[in-house]
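Here's the structure, in structure tokens; my notes come after.
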There are 2 protein chains.
Amino acid sequence: MTALITPIILVGGSGKRLWPLSRESMPKQFVPLLGERSTFQQTLLRVGDKSLFGRPVIATNENYRFMAEQQARELGIEIDLLIEPSRRDSGPAIGAAAAYAKSLGTEAVLALASDHLIIGEEEFRAGCRDGLAAVRQGGIVTFGIPPTEPKTDYGYIRLGSEKIGDVRKVAAFVEKPDAQTALRYISEGLLWNSGNFLFSPALLLAEMARFEPAMATAVEEAVAKARRDGATVFLNADAFAQAPAKSIDYAVMERTDKCWVVPARFSWSDLGTWGAMLDVGTADSAGNVTEGPVELDQVRNSYVRSDGPLTAVIGVENLVVVAMHDAVLVGHHDDLPRLKDVVQRMSDRNHKAATEYARMHRSWGSAEDIGRGLHFRVRRLTMKAGERLVLQSHRRRDKHWFVVNGVGEVLLDGKTRTLAVNDSILIPRNGIHSLRNPGSEMLEFIEIQTGEHLDEEDFVRHEDSLQRPQAAV
Amino acid sequence: MTALITPIILVGGSGKRLWPLSRESMPKQFVPLLGERSTFQQTLLRVGDKSLFGRPVIATNENYRFMAEQQARELGIEIDLLIEPSRRDSGPAIGAAAAYAKSLGTEAVLALASDHLIIGEEEFRAGCRDGLAAVRQGGIVTFGIPPTEPKTDYGYIRLGSEKIGDVRKVAAFVEKPDAQTALRYISEGLLWNSGNFLFSPALLLAEMARFEPAMATAVEEAVAKARRDGATVFLNADAFAQAPAKSIDYAVMERTDKCWVVPARFSWSDLGTWGAMLDVGTADSAGNVTEGPVELDQVRNSYVRSDGPLTAVIGVENLVVVAMHDAVLVGHHDDLPRLKDVVQRMSDRNHKAATEYARMHRSWGSAEDIGRGLHFRVRRLTMKAGERLVLQSHRRRDKHWFVVNGVGEVLLDGKTRTLAVNDSILIPRNGIHSLRNPGSEMLEFIEIQTGEHLDEEDFVRHEDSLQRPQAAV
């Protein structure tokens with residue numbers, strides 16, 4: 001192996017704190033929060049240096065694998081997928097990643113969050129190299145961030161006196177402090193705990209076996225009994241379910257005496273809240289950060305973002321305003337910790353936009369709701385070159401497809417028809433159909449569903465000759 | 001004539017102060033601001049008592065006539081339309097209405113704003129009857145509203161001592177005061193000037209001839225030379241253009257000694273600003289008025305309205321939040337007088353949503369933009385029973401129609417085809433086509449336009465056998 005470090009990117013989270021841009025069906029790591037790339041894609045690009053990093057492994061679950069695959073493909077980056085069959089917190093997730101990396105014979109693993117912002121790619125790589133030296137001397141390495149303000153929503157790291165180059169022994173991990181304690185921590189030189197780790201998989205598993213033997217056994221067995229399908233590894237569900245749900249900090253980091261910390265020279269944010277977006281954005285002279293078609297009038301210290309609607313904001317300060325076609329947030333900075341509960345309440349009241357995105361990303365492309373009437377629904381769909389839909393039918397709805405870009409090949413009740421721009425086809429209820437994009441460009445089409453009952457459950461899957469999981473249209 | 005009063009409803013205004021719900025292409029009088037009816041419709045219903053009111057006349061311009069027609073038809077109310085060929089302020093508008101009413105032989109005219117809220121229909125009619133008594137004794141009558149707070153954006157009326165029943169002689173009209181003066185006016189018993197008037201058309205024109213002879217001559221000539229088309233009267237453009245642009249207050253009311261005032265016993269608001277919506281709405285215990293899918297968390301004294309998007313508002317007070325699919329407003333109460341300028345700025349920057357509505361009302365139905373792509377555009381259209389589109393063609397775009405409700409009869413290059421639900425037709429560029437709804441229910445269809453250039457100007461009108469103005473699709 002030429003690469004020294006296998007990056008394992010952890011993709012989970014429900015993203016309620018950045019609602020409405022981030023939602024359960026489309027969590028923040030996949031959303032272009034800053035610039036054109038999602039933080040997941042930025043993370044992939046960050047570990048692109050082949051002299052230092054190997055092929056990235058994405059540790060995620062069934063819900064997010066298609067989005068991860070698609071966003072990696074958009075960058076032309078090949079990945080392995082490590083699919084977690086259940087949510088067991090970060091301890092088992094990182095443990096399984098370590099066990100998988102051990103099975104690859106990897107010297108070191110970099111466990112990276114997929115939803116953090118890091119500015120300073122070169123400093124980041126330098127930190128990894130420094131950390132690697134400590135790993136080689138038996139350390140489990142974390143990245144510590146020099147605080148820029150007395151944050152109360154981060155854990156802190158107290159430095160010990162031992163050094164390996166610039167890497168320092170961890171004296172203690174300390175819990176999220178109150179404001180006054182945070183100020184004291186800053187004056188005492190404590191660092192923020194960024195939650196990204198570099199370690200030898202064998203050592204991490206050994207320490208896990210020491211403190212959480214059931215967890216270590218479970219994750220090693222989940223990897224040993226995993227099912228492989230190409231570059232996708234499905235962890236064994238029964239074994240993984242035996243792992244106690246516990247964070248890696250509680251399970252290992254705060255208990256081992258082998259922790260070292262790289263003081264980061266890069267800028268970092270976990271983009272955990274809308275407030276963070278104001279911190280990391282480029283503010284105007286009144287302290288505002290804006291994005292999209294936004295008009296401000298006597299506004300101060302506010303984050304105003306539109307992903308579509310023309311948005312006018314007048315005479316306010318310390319606000320976050322996020323406008324999308326199907327959802328809007330207006331909140332005072334100080335009160336945004338309650339956003340999570342508010343989203344939960346809206347979800348409890350069955351407001352679809354609380355958890356779902358109008359535009360859904362699928363393995364084969366995307367589908368976006370653009371209109372609904374009493375007995376009809378209009379969607380805008382894209383399908384990537386070479387992709388296809390599973391053979392399917394519906395009991396209670398007709399579908400009409402009209403091509404606006406590219407070429408589509410429709411299979412309907414055994415007959416194949418090719419549709420170019422301006423061609424359309426009606427798929428009657430119970431018609432067994434599929435769709436393929438045989439061209440080299442994106443197929444784009446408008447779908448109009450009609451029927452008395454239009455619900456996603458009305459879907460019958462027929463034999464699939466490719467024998468691989470495919471999503472429904 | 002059995003009816004005593006001809007109501008003339010004045011429909012103009014650009015509606016910037018209630019953006020985004022009200023826009024230049026869809027001003028506030030046509031928007032359901034409160035409840036399901038627009039204030040224009042509420043005004044029509046208010047003068048529905050046939051023992052008191054005659055057939056209403058709508059004084060408006062070409063831009064708004066189709067919306068006025070449609071909204072009257074929705075209520076099953078027949079109207080006359082008096083079309084102003086140019087905007088000359090309220091003096092010529094009311095003068096022309098008076099001249100038109102005189103030509104009908106009407107005893108009294110009630111000139112009513114179309115965008116005011118009045119609560120208390122019975123008290124309103126009682127006021128009209130009181131006013132009519134004063135009109136019969138040679139008075140020009142205005143409606144005065146007992147102030148509920150020291151408003152600085154209304155004119156006030158000082159009462160004289162003469163009385164006809166409850167109707168009082170006007171001692172003076174006074175201009176919009178500052179806050180302290182407004183307080184004094186309230187203590188002195190002055191009334192707000194609501195800008196609605198009741199008068200004998202002959203007397204109003206006589207007084208206008210006294211103070212503004214050019215205006216009186218112009219409006220009488222504009223009516224004398226008007227072109228009639230069924231119930232629509234087009235004022236003569238050349239004559240009307242000679243009228244000095246001046247408000248009716250400056251032209252007549254503040255100069256005549258014949259003004260009387262009915263102290264209103266109904267509730268009234270001109271709904272001039274978003275602040276007014278908070279005044280007239282039903283507030284919760286925290287002083288909030290909400291409408292639509294809205295979730296509040298520790299919000300006070302705010303007006304929050306969504307016409308679609310799921311809207312969460314957290315930890316603010318004294319705000320107005322109005323969310324629509326294509327436009328959002330967030331503003332502090334105190335700063336909303338600047339909204340007009342902000343809308344103008346957005347309009348200057350060519351933001352379409354500053355002035356246009358995604359959903360446009362036409363004589364034959366409505367058209368709503370629901371999606372746009374690089375070379376396509378998706379619209380959702382409705383067409384009323386019996387309506388048709390003008391015969392037309394396009395040079396640079398193809399259109400595809402798919403019916404989701406009702407029945408449509410398409411005429412394409414001389415051939416007629418009937419489309420029911422799930423039927424579609426492609427109309428190629430240069431195809432001469434029309435569409436009719438031959439059924440008794442609403443026709444609803446999805447239109448997909450394709451082409452390199454998609455603009456509304458690409459429209460060729462062909463011979464129109466009905467010889468009447470029709471709007472383009």
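Note that the structure is predicted; figures quoted are calculated from it, not measured. The chains referred to below are lettered A, B, ... by the order of the sequence lines, with proteins before strands, and numbering in each begins at 1.
Taking 4.5 Å as the limit, every side-chain heavy atom of A:F376 sits out of range of all side-chain heavy atoms of A:L374. For the pair A:E447/A:F402, no side-chain contact is recorded, criterion being any heavy-atom separation below 4.5 Å from C-beta on. Two residues are said to be in side-chain contact when any heavy atoms from C-beta on lie closer than 4.5 Å; B:N405 and B:E441 fail this criterion.
In this structure B:N350 satisfies the side-chain hydrogen bond (donor to acceptor under 3.5 Å, both in side chains) test with no other residue, sequence neighbours excluded.
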Please tabulate, for the side chains in residues 322-332 of chain B, all donor-acceptor contacts under 3.5 angstrom to protein atoms that are two or more places apart in sequence or on a different chain.
| unit_1 | atom_1 | unit_2 | atom_2 | d |
| --- | --- | --- | --- | --- |
| B:H325 | ND1 | A:H325 | O | 2.9 |
| B:D326 | OD1 | B:R23 | NH2 | 2.9 |
| B:D326 | OD2 | B:R23 | NH1 | 2.8 |
| B:H332 | ND1 | B:D334 | N | 3.1 |

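Inspection of the A:S347 and A:T355 side chains reveals no N or O donor paired with an N or O acceptor under 3.5 Å.
Only the side chain of A:E444 has a heavy atom closer than 4.5 Å to any heavy atom of chain B. When heavy atoms are compared at a cutoff of 4.5 Å, A:N318 does not approach chain B at all. For B:R372, the part lying near chain A is the backbone, with the side chain staying farther off; criterion is any non-hydrogen pair under 4.5 Å. Contacts of A:V321 with chain B are made by side-chain atoms alone, with heavy-atom separations under 4.5 Å and no backbone atom involved.
Within 6.0 Å of atom NZ in B:K352, more than 12 heavy atoms from other residues, nucleotides or ligands are found, so the atom counts as buried in its surroundings.
Below 4.5 Å, heavy atoms of chain A meet heavy atoms from B:N422, B:S424, B:L426, all part of residues 418-430 of chain B. Applying a 4.5 Å heavy-atom cutoff, the residues of residues 295-304 of chain B that approach chain A are B:E295, B:L296, B:D297, B:Q298.
The existence of a salt bridge linking A:R338 and A:D335 is confirmed by a sub-4.0 Å separation between a basic side-chain nitrogen and an acidic carboxylate oxygen. Between A:D348 and A:R345 there is no salt bridge, since no side-chain N of the basic residue sits under 4.0 Å from a carboxylate O of the acidic one. Between A:D307 and A:R305 there is a salt bridge, since at least one side-chain N of the basic residue sits less than 4.0 Å from a carboxylate O of the acidic one. Ion pair B:R379/B:D369 not flagged as a salt bridge, since none of the NZ, NE, NH1 or NH2 atoms sits closer than 4.0 Å to an Asp/Glu carboxylate oxygen.
The aromatic rings of B:H433 and B:H394 sit tilted relative to each other, their planes meeting at an angle between 30° and 60°.
Per-residue counts of heavy-atom pairs under 4.5 Å with chain A were compared for B:H333, B:E368, B:R349; the largest is that of B:R349. Per-residue heavy-atom pair counts under 4.5 Å with chain B were compared for A:V316, A:D398, A:V343, and the maximum is reached by A:D398.
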